[in-house]
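The structure displayed is predicted, hence computed values, not measured ones. Only heavy atoms go into these numbers, but all of them, side chains included; no hydrogens, no water, no symmetry mates. In what follows, chains are A, B, ... by sequence order, proteins preceding strands, each numbered from 1.
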Amino acid sequence: MSTLILFALAAALTFAIRYSGIALFAGDRELSPGWARTLELAGPAAMAAIAANTLLLDNDGFRGFGAWHLMAVAAAAVAIWKRDTNWILLGGAVGFVVFRLLGL
Amino acid sequence: MTDRDSFSLRVPRHLRHQFVQGAKQMLPLSVGGAVFGLAMGALIAASGMPLWAAGIGTVLINAGAAQLALIDLATKGAPWVIILATVAVVQARFALYSASLAHEYTVFPRRWRLALAFLLTDQAAAFEKHFAPRIPDAVRRRWFFLGGASLFAGLAMAGTLVGILVGPVIPLSWQIGFIVPLMFLAIILRTVSDRPGVMAVLVAAVTAVATRDLPYGSNVIVATLAGILVTRLVAPAGWYRGAPTGEETEPREGAP
């Protein structure tokens, strides 16, 4: 039940954020450039922090070099070739499986 | 046609047509959302969370990146305040999207604004900004938006629920947790290309590692704030390509 409550709180929060701009800027008010830039940076910064936290660290400190790191390299290589989220996901996942099969 | 009719089954043919047209335009992007959902569902199944609660939560939240952050921190035992603060920061960009759509939505009845706000995703926001000028009639426009946004959200949720059902058969040795960084990397690599964005990513990543010993997984929120603040202080205004408010953008594929 606590998991459901946590999800419900997160859902209420995400909905409030989604509706905030519609409610606040429905009239003639405009979002200031400074706030727009700050909000623009929030997504990349948060996602990078989570990605680094899960990719480079584990419970005991730094994650040992292996399939996880090489998976990220594979995903980046695919991103250079095709700037498409689905291709990047596919390339990273296939890379991870291959590196695991190679014993990394 | 009255507002009372607009959510009933007695929807005129031309509005049903708009709904279908919106869904058709969104279909290619929605396939990506379903794939993302499938992987996330498998991750949820491996996380040890009660599957029924996570399934209901998936429908309630309708936000893939926020849900991934929640799962990651919850499985590490982070306190709720840290989890919710991180979710808020991950979702902060939606305040920008909704502000940029406020002028489009202002002519819609409130229940339509609420429904479309719930269905708002990265893809739906770009989709709606792209098509809004091409559909001047507000009633047709909202049905078009509803068709596109609901298809994307519906397929992403369906993919996640299928992943939750299929996930338990995946062995732990497969280390399915690699999906978390991979999904975030995919979004970053696809969407971040301007200098302030790259700077925010690098500062946040380095800070997350440097502050790894902070308790309760709070290094994520500290790193996020560091990425935003350092970039805002260092990056000159000329580096920004312009916030998406008011500009037309192409819809793009990716995570919900």
Legend entry - Minimum-distance pair of heavy atoms, taken over all atoms of A:Thr14 and B:Val87: CG2-CG1, 3.8 Å
Legend entry - Top of A:Ile17, A:Ile88, A:Thr3 for chain B proximity - count of heavy-atom pairs under 4.5 angstrom: A:Ile17
Legend entry - Largest heavy-atom contact set with chain B, pairs under 4.5 Å, which of A:Ala74, A:Ala72, A:Ala93, A:Ala8: A:Ala93
Legend entry - Residue, of B:Ala200, B:Ala102, B:Pro50, that accumulates the most heavy atom pairs under 4.5 Å with chain A: B:Ala102
Legend entry - Nearest heavy atoms of A:Ala52 and B:Val209, plus distance in Å: CB-CG2, 4.4 Å
Legend entry - Whether A:Phe15 and B:Phe118 hold their rings parallel, tilted or perpendicular, with breakpoints at 30° and 60°: tilted
Inset, instruction - Using salt bridge (Lys or Arg N to Asp or Glu O under 4.0 Å) as the criterion, list what pairs up with A:Lys82, not counting sequence neighbours. - result: none
Inset, instruction - Kindly say whether A:Tyr19 contributes a backbone atom to a donor-acceptor pair with the side chain of B:Arg113 at under 3.5 angstrom? - result: no
Legend entry - Flag, side chain of A:Arg83 to backbone of B:Leu189, donor-acceptor distance under 3.5 Å: yes
Legend entry - chain A contacts, top residue of B:Val220, B:Leu182, B:Ile179, B:Val201 (heavy-atom pairs, under 4.5 Å): B:Leu182
Legend entry - Interface residue of largest heavy-atom contact number with chain B, from A:Ala75, A:Gly43, A:Ala23, A:Ala10, under 4.5 Å: A:Ala10
Legend entry - Which atoms of B:Ala226 approach chain A - backbone, side chain, both or neither, heavy atom under 4.5 Å: neither
Inset, instruction - Looking only at non-hydrogen atoms, find the nearest pair between A:Ala42 and B:Thr224 and report the distance. - result: O-CG2, 4.2 Å
Legend entry - Residues forming a side-chain contact (heavy atoms from CB on, under 4.5 Å) with A:Leu6, sequence neighbours excluded: B:Leu70, B:Ala74, B:Trp80, B:Ile83, B:Leu84
Inset, instruction - Would you mind checking which part of A:Leu57 comes under 4.5 Å of any heavy atom in chain B, side chain (CB onward), backbone (N, CA, C, O), both or neither? - result: side chain
Legend entry - Minimum heavy-atom distance A:Ala26-B:Thr106, with the two atoms named: O-OG1, 3.4 Å
Inset, instruction - Could you have a look at B:Gly217, B:Ala39, B:Ala69, B:Ala88 and say which one has the most heavy-atom pairs with chain A under 4.5 angstrom? - result: B:Ala88
Legend entry - Portion of B:Leu120 that has a non-hydrogen atom of chain A nearer than 4.5 angstrom: both
Legend entry - Closest contact, heavy atoms only, B:Ala99 versus A:Phe25: CB-CD1, 3.6 Å
Legend entry - Smallest separation among heavy atoms of B:Met49 and A:Phe7, with atom names: SD-CE1, 4.0 Å
Inset, instruction - Scan side-chain atoms only and decide if B:Ser98 and A:Arg18 contain a donor-acceptor pair under the 3.5 Å cut-off. - result: no
Legend entry - Interchain contact, B:Gln175 with chain A, by part (heavy-atom threshold 4.5 Å): both
